[in-house]
Amino acid sequence: MHTMECGAFYLIKKHGGSLPVLYIVGHSSSVANPPPVQNAPLNLQTMFTVRAPFSMNFYCPDRTVLKLNTGMVVSGANSLPPVVDCYSPGSRIRDHFIYPANFLQAGGLHATVEASCRMLEQAVDYNDSATQGDALMVKHEKVRLSDILTALSVRGLVYNTVNCMFCRS
């Protein structure tokens, strides 16, 4: 396993090359449209089209909070919950700002971003199942989901499935 810094995010890759599965872990809020103005066009910056070859899985309905221990899922200790929404290539999807994860530590305190990244590295290192994959976590500032996917594509990192492990509020 090794961790690469890719601009605004960390990409934690398993040994043996890239698996076709990626987990995007963090907190999120939607990229909201401004209040509507009569006859104004839709702000297309809030939507994007899923590009081939991957599909995107979400584990909570749009505009809701995800209640899940993502580290336990990424490690393979807990199975993925049922997919609530799946978007295939060509689908239009609402964009989200992804914020760094702040995992809970023993005693209920939130870990720093760096400590959370180390915890996610441990989860990726722990998963040795072929069904588990790489993980991605934003470093310090919010980043649009669409920009993360573009950055991965520019770097030639291809995944068949992107598991979105964040809220959609």
_Any non-hydrogen side-chain atom of F97 less than 4.5 Å from a side-chain atom of V143?_
no
*Locate the shortest heavy-atom distance separating C164 from M56; write the atom from each residue and the value.*
SG-CE, 3.5 Å
*Ring centroid separation Y87 to F58 under 6.0 Å*: yes
_Atom pair CG/CE of L120 and M165 - distance to nearest 0.5 Å_ = 10.0 Å
*Between Y59 and N163, is any side-chain donor less than 3.5 angstrom from a side-chain acceptor?*
yes
*Hey, is the main chain of C167 close enough, under 3.5 Å, to the side chain of S28 for a donor-acceptor pair?*
yes
*Roughly how far apart are I148 CD1 and L11 CG, rounded to 0.5 Å?*
10.5 Å
*With no hydrogens and no angle check, is any side-chain donor or acceptor of D95 less than 3.5 Å from a backbone partner on S146?*
yes
_Run M47 and R94 through side chain to side chain contact (heavy atoms under 4.5 Å, CB included) and show every step you take._
CA-CA 4 Å; M47 303 288 289; R94 191 164 59 98; 4.1 Å; yes
*With the side chain counted from C-beta on, respond yes when D62 and H96 share a heavy-atom pair under 4.5 Å apart, and no when they do not.*
yes
*Does any N or O in the side chain of R168 come within less than 3.5 Å of the main-chain N or O of C60, such that one atom is a donor and the other an acceptor?*
yes
*Report the distance from atom CE of M137 to atom CE of M119, rounding to the nearest 0.5 Å.*
10.0 Å
*Could you tell me which non-hydrogen atom of F9 sits nearest to which non-hydrogen atom of V138, and how far apart they are?*
CB-CA, 3.9 Å
*Under the 6.0 Å and 45° cation-pi test, does K142 pair with Y99?*
no
*Minimum heavy-atom separation for V25 to A101, with atom names?*
CG1-CB, 4.2 Å
*Co-membership, hydrophobic cluster, residues V21 and V83, 4.5 Å side-chain*: yes
*Result of checking T161, L22, L149 against F54 for side chain to side chain contact (heavy atoms under 4.5 Å, CB included)*: L149
*Sole candidate of S116, C117, P100 that passes side chain to side chain contact (heavy atoms under 4.5 Å, CB included) when paired with Y10*: C117
_Is there a side chain to side chain contact (heavy atoms under 4.5 Å, CB included) between R92 and V50? Walk through the geometry before answering._
CA-CA 6 Å; R92 296 283 292 162; V50 177; over 6 Å; no
_Close side-chain approach of H140 and E114, heavy atoms under 4.5 Å_ = yes
*What distance separates L152 CG from L136 CG, expressed to the nearest 0.5 Å?*
6.0 Å
*If you round to the nearest 0.5 Å, how far is CZ of F166 from CD1 of I24?*
6.0 Å
